Amino acid sequence: MNILHKLGLGTSTSRKTNMDPSPIAQGPDTDTPAPGNQFAQFAAGCFWSVELAYQRVLGVTHTEVGYSQGITHNPSYEDACSGTSNHVEVVRVQYDPKECSFESLLELFWSKHDPTTLNRQGNDVGSQYRSGIYFYNPEQEKLARESLERHQQQVDRKIVTEILPAKKFYRAEEHNQQYLSKGGRFGLKQSTAKGCKDPIRCYG
């Protein structure tokens, strides 16, 4: 993300707003995954690095970054960063459950961020960086809550990850899609090869 957002400047962490909620934004994600596939949504800070982590998972067939859980229709990146629309940066993962379990996606989620920091990951500060798992069916909800309980036993501080129904997914701007695999602003492409263990470098 840009340097101001990295430093937490110009970004409010308040989730209060005077905007009228849009029924579309507050509604469910009605998009349809490819035949035989399922969707999952994860929020774990800056969506660039989270997306690359999921791109590398065997059984993940497609990823997109975007905004969800907010109150306004068709939000922009600036809207999400303003702290007034309540949108969170999410990665929508499409996966083949025959090759990739939802449980394995959850394990990756916990490993890639600190779920005990409210509205913050490192220098990225704001409600758009909050931790969240957004489920598409009761089975995903059940597995997510059980996973949280297990992970809570492994950490000293309280986990603040929200677990909520997946809402309308707004695809982010094209330049944000697969940002790190395309090279970011320095043009240094990072591998999306399945099973790749290379360190992920997040730069904006």
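Only heavy atoms go into these numbers, but all of them, side chains included; no hydrogens, no water, no symmetry mates. Residues: numbered from 1 along the sequence shown. Computed from a predicted model, the values in this text were never measured in an experiment.
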Visitor: Quick one: do Leu58 and Val91 end up in the same hydrophobic cluster if we chain Ile, Leu, Val, Met, Phe, Trp and Tyr together by side-chain heavy atoms under 4.5 Å apart?
Guide: no
Visitor: I need the Phe109 CZ to Lys112 NZ distance, nearest 0.5 Å.
Guide: 13.0 Å
Visitor: Is Lys168 reaching over with its side chain to a backbone N or O of Gly70, donor-acceptor style, under 3.5 angstrom?
Guide: no
Visitor: From Leu118 CG over to Arg157 CZ, what is the distance, rounded to the nearest 0.5 angstrom?
Guide: 11.5 Å
Visitor: Looking only at non-hydrogen atoms, find the nearest pair between Gln177 and Ala172 and report the distance.
Guide: NE2-O, 3.1 Å
Visitor: Walk me through it: do Cys81 and Gln128 pass the test side chain to side chain contact (heavy atoms under 4.5 Å, CB included)?
Guide: CA-CA 6 Å; Cys81 290; Gln128 73 272 25; 3.8 Å; yes
Visitor: As an exercise, state the distance from SG of Cys100 to CG of Asn37, rounded to the nearest 0.5 Å.
Guide: 10.0 Å
Visitor: Less than 4.5 Å apart, any side-chain heavy atom of Glu89 and any of Val50?
Guide: no
Visitor: Please name the pair of heavy atoms, one in Ala25 and one in Thr72, separated by the smallest distance, quoted to 0.1 Å.
Guide: CB-O, 3.5 Å
Visitor: Could you walk me through whether Glu146 and Lys142 satisfy the salt bridge (charged side-chain N to carboxylate O under 4.0 Å, His left out) test, starting with their C-alpha distance in whole Å, then the side-chain angles of each, then the deciding distance to 0.1 Å, before giving a yes or no?
Guide: CA-CA 6 Å; Glu146 291 174 349; Lys142 175 177 178 291; 2.9 Å; yes
Visitor: Applying side chain to side chain contact (heavy atoms under 4.5 Å, CB included), run through Val60 and Gln55 and close with a yes or a no.
Guide: CA-CA 7 Å; Val60 168; Gln55 284 178 281; over 6 Å; no
Visitor: Would you say that Arg130 contacts Val160 through its side chain, given a criterion of any heavy-atom pair below 4.5 Å between the two side chains?
Guide: no
Visitor: So do the side chains of Lys167 and Gln26 get within less than 4.5 Å of each other, counting heavy atoms only?
Guide: yes
Visitor: Got a second to check how far Gln154's CD is from Glu149's CD, nearest 0.5 Å?
Guide: 12.5 Å
Visitor: Give a yes or no on this: more than 12 heavy atoms of other residues, nucleotides or ligands lie within 6.0 Å of atom NZ of Lys194.
Guide: yes
Visitor: For the atom pair CD (Glu64) and CD (Gln94), what is the distance rounded to the nearest 0.5 Å?
Guide: 8.5 Å
Visitor: Looking at Ala144, is its backbone amide N or carbonyl O close enough to the side chain of Ser147 to form a donor-acceptor pair, meaning the two atoms are under 3.5 Å apart?
Guide: no
Visitor: Please lay out, stage by stage, how Asp31 and Arg92 fare under the test side chain to side chain contact (heavy atoms under 4.5 Å, CB included).
Guide: CA-CA 11 Å; Asp31 293 342; Arg92 186 170 69 179; 2.8 Å; yes
Visitor: Can you tell me if Ser101 uses its side chain to pair, donor with acceptor, with the backbone of Ser104 under 3.5 Å?
Guide: yes
Visitor: Side-chain contact test, heavy atoms from C-beta onward, threshold under 4.5 Å: evaluate it for Phe169 versus Phe39 and give yes or no.
Guide: no
Visitor: Roughly how far, to the nearest 0.5 Å, is CG of Asn123 from SG of Cys46?
Guide: 12.0 Å
Visitor: Test Ser131 against every option in Gln121, His113, Arg120, Glu162 by the side-chain hydrogen bond (donor to acceptor under 3.5 Å, both in side chains) rule and name the one that passes.
Guide: His113
Visitor: State, with a plain yes or no, whether a side-chain heavy atom of Ser68 is found less than 4.5 Å away from one of Asp29.
Guide: no
Visitor: Specify the closest pair of heavy atoms between Val88 and Ala43, including all atoms of both residues, with the distance to one decimal.
Guide: CG2-CB, 3.5 Å
Visitor: Are side-chain heavy atoms of Ser127 and Asn119 found at a separation under 4.5 Å?
Guide: yes
Visitor: Can you tell me if Asp79 and Ser82 form a side-chain donor-acceptor pair at under 3.5 Å?
Guide: no
Visitor: Where the side chain of Gln69 meets the backbone of Pro165, is there a donor-acceptor pair that is under 3.5 Å apart?
Guide: yes
Visitor: Would you confirm whether Arg56, through its side chain, and Ser191, through its main-chain N or O, come within 3.5 Å as a donor-acceptor pair?
Guide: yes
Visitor: What I'd like to find out is whether the side chain of Phe135 reaches to under 4.5 Å of the side chain of Ile163, using heavy atoms alone.
Guide: yes
Visitor: Minimum heavy-atom separation for Gln152 and Ile159, please, with both atom names.
Guide: OE1-N, 2.8 Å
Visitor: I would like to know whether Phe102 and Glu139 meet side chain to side chain contact (heavy atoms under 4.5 Å, CB included); could you show each step before the answer?
Guide: CA-CA 9 Å; Phe102 185 65; Glu139 179 65 11; over 6 Å; no
Visitor: Go through the structure and list residues passing ring-ring contact (aromatic ring centres under 6.0 Å, His included) with Tyr134, not counting sequence neighbours.
Guide: none
Visitor: In a check of ring-ring contact (aromatic ring centres under 6.0 Å, His included) between Phe42 and each of Tyr54, Tyr95, Trp110, Tyr136, which one passes?
Guide: Tyr54
Visitor: Has Gln190 got a side-chain atom pairing as donor or acceptor with Leu52's backbone, closer than 3.5 angstrom?
Guide: no
Visitor: Any non-hydrogen side-chain atom of Phe47 less than 4.5 Å from a side-chain atom of Val90?
Guide: no
